[in-house]
Amino acid sequence: MASRTFYVHDYDLAATLNSGQTFRWQPREGWWEGVVGTRWLRLRADSDLRTGGMAGRPSAILAETAGPVDDWGWLADYLQVGLDLADILRTFPDDPPMRLAVAACRGLRLLRQDPWECLASFILSSTKQIVQIQQIVALLCNKFGEQLIVPQNHRRVYCFPLPGRIAEADESELRTCKMGFRAPNLIASARMIADGTVDLDRLSALSVGEARDALIRLPGVGRKIADCVLLFAYGFQNAFPVDVWVMKALQRLYFPRRRVSLKRLHTFAATHFGPYAGYAQQYLFHYARVHAKLND
DNA sequence: GCCCAGGTGAAGC
DNA sequence: GCTTCACATGGG
């Protein structure tokens, strides 16, 4: 077992882990338990003991693993603890909707996830609620993933299955994980990645447009899912996924008088929200989903 | 029963 | 170009 404390400002761990960008974290006994790569771990937001902490705004994240760790760079990268959130918030447009969303979601962050896990999870996400995506991903990992080191007396935990493992599975096996019509898309995409037709390792060297085109070649991956992977896994900060919630938020907050097409919303997003548009998108998504009642 | 869920892709105008 | 529809499955 190993542990480490990361000191952070303005980091709402619960909102971040529970904001629909990742699907494996579960609250348990005051911690968030999850898997990053091939390591089981748990995280807890704490006061910064060096300063006594700030009331109501924990400024440290405590991490514990079950196995030994000598270099914590993988977790610092995943959590993006080195990023200065204030620098990003300053680039957001100073308009009423953005001010509402930022005020409501203070400390919300974007993670830097593994591309394959992110891609596969979002292939499974279409027309599913977040709780159901979590359930499907859990079933998939339990059935196809490799077992990980966990604390004594802890239930068994498995890593996210690699593309090669999914590629050799058959559709009926995958359907037992309750993914329905998404199963053939997941298999076909896994095969294209396993056989090198699409190389996920090369995408970070491409422009955002080229990387998006590469992802959209995969079956079950359209503009929205591609943008999720570009933003959540590759860190293309200007990727702007438009799902039903973001669509509702943009329509209601910025164009209350007229109906605007999806294409025009993309054009608006690309010009209005600045270089960190993807970050702004996550604030709008979380605000719309958790805080605002945007339904008529 | 009905409607919706971090959509996509094919088919219709 | 744009609109409509099927696609599994579960929750409200």
Side-chain angles (χ1 to χ4, degrees), chain A residues 15-25 101 105 108-111 113 115 117-140 142-143 169-190 192 198 212-234 236 239-253 258-267 269 273 277-296:
Chain A
T16 299
L17 299 180
N18 206 22
S19 63
Q21 54 181 314
T22 182
F23 304 101
R24 296 204 66 189
W25 293 96
C105 312
L108 178 63
R109 303 285 191 128
L110 290 181
L111 301 166
Q113 301 179 54
E117 176 172 344
C118 184
L119 170 66
S121 298
F122 277 97
I123 287 174
L124 299 175
S125 77
S126 65
T127 59
K128 277 290 178 193
Q129 297 183 128
I130 288 173
V131 282
Q132 294 173 339
I133 303 166
Q134 292 169 334
Q135 183 191 19
I136 295 168
V137 168
L139 289 168
L140 183 72
N142 291 346
K143 190 170 176 68
D170 61 48
E171 192 178 316
S172 59
E173 276 186 293
L174 285 172
R175 280 183 188 258
T176 66
C177 302
K178 307 190 176 183
M179 63 183 72
F181 63 85
R182 303 157 195 83
N185 289 335
L186 184 64
I187 293 181
S189 290
M192 287 174 68
V198 171
R212 180 183 293 119
D213 290 343
L215 288 169
I216 287 179
R217 292 172 63 195
L218 298 164
V221 181
R223 174 69 191 259
K224 187 269 170 181
I225 289 174
D227 281 343
C228 285
V229 177
L230 293 171
L231 182 62
F232 301 146
Y234 290 98
F236 285 103
F240 194 98
V242 179
D243 75 314
V244 290
W245 288 101
V246 173
M247 175 115 63
K248 226 184 287 186
L250 291 176
Q251 179 72 64
R252 180 69 179 273
L253 297 171
R258 61 190 174 94
R259 208 183 109 71
V260 180
S261 72
L262 180 59
K263 188 167 186 178
R264 288 203 169 276
L265 288 180
H266 273 123
T267 307
F273 293 103
Y279 239 99
Q281 174 275 156
Q282 193 66 6
Y283 275 79
L284 291 171
F285 173 78
H286 200 252
Y287 174 68
R289 194 173 74 90
V290 177
H291 298 278
K293 291 282 166 266
L294 296 174
N295 302 310
D296 266 329

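Naming convention: chains lettered A, B, ... in sequence-line order (proteins, then strands); numbering from 1 in each chain. Bear in mind the structure is a predicted one, so any value in this text is a computation, not a measurement.
- Checked by distance alone, A:Q282 brings a side-chain donor or acceptor within 3.5 Å of a matching partner on the base of B:dG6.
- A donor-acceptor pair is defined here as one N or O able to donate and one able to accept, closer than 3.5 Å; such a pair exists between the side chain of A:T267 and the backbone of A:K263.
- At a threshold of 4.0 angstrom between heavy atoms, the contacts of A:S19 include nucleobase atoms, whether or not backbone atoms are also involved.
- For B:dG6, its base sits under 3.5 Å from the side chain of A:Q281 at one donor and acceptor pair at least.
- When the nearest nucleotides of DNA chain C are assigned to A:S261 and A:R175 by heavy-atom distance, the more 5′-ward of the two goes with A:S261.
- Ring geometry, A:Y234 versus A:F236: the interplanar angle falls from 30° to 60°, so the pair is classed tilted.
- Counting non-hydrogen atoms under 4.0 angstrom, A:V246 reaches a base of the nucleic acid.
- Between the NE2 atom of A:H266 and the C1' atom of B:dG7 there is a distance of 12 Å, given to the nearest Å.
- In this structure, the nucleotide among B:dG6, B:dT8, C:dA8 sitting nearest to the side chain of A:I225 is B:dT8.
- Among the atoms of the strands shown, only primed sugar atoms or phosphate atoms (P, OP1, OP2) are found under 4.0 Å from some heavy atom of A:R223.
- Separating the CD atom of A:Q129 from the P atom of C:dG12 is a distance of 7 Å, rounded to the nearest angstrom.
- Straight-line distance between the C1' atoms of B:dC4 and C:dC7: roughly 15 Å, to the nearest whole Å.
- Between A:Y279 and A:F240, the ring centre distance reaches or exceeds 6.0 Å.
- If you check every strand for non-hydrogen atoms under 4.0 Å, A:G20 touches a base.
- Rounded to an integer number of Å, the gap from A:I130 CD1 to B:dG7 C1' is 14 Å.
- In this structure, the CD atom of A:Q135 is 18 Å from the P atom of B:dA5, given to the nearest Å.
- Relative to the side chain of A:K178, the nucleotides B:dA5, C:dG10, B:dG6 differ in distance, and C:dG10 lies closest.
- Side chain of A:Q282 to backbone of A:L108: no donor-acceptor contact under 3.5 angstrom is found.
- The backbone N or O of A:Q113 sits nowhere less than 3.5 Å from a side-chain atom of A:Q21 that would complete a donor-acceptor pair.
- Among the heavy atoms of the strands lying under 4.0 Å from A:F232 is at least one base atom, whether or not backbone atoms are also near.
- In this pair, A:F285 lays its aromatic ring flat on the base of B:dG6, centres within 5.5 Å and planes under 30 degrees apart.
- Remark: the A:K128 side chain and the C:dT9 base include a donor-acceptor N/O pair separated by less than 3.5 Å.
- With both ends at atom P, the span from C:dG10 to B:dT8 equals 22 Å, rounded to whole Å.
- In this structure, A:L119 places its CG atom 14 Å from C1' of B:dG6, rounding to the nearest Å.
- A straight line from CZ of A:F181 to C1' of C:dC5 spans 12 Å, rounded to a whole angstrom.
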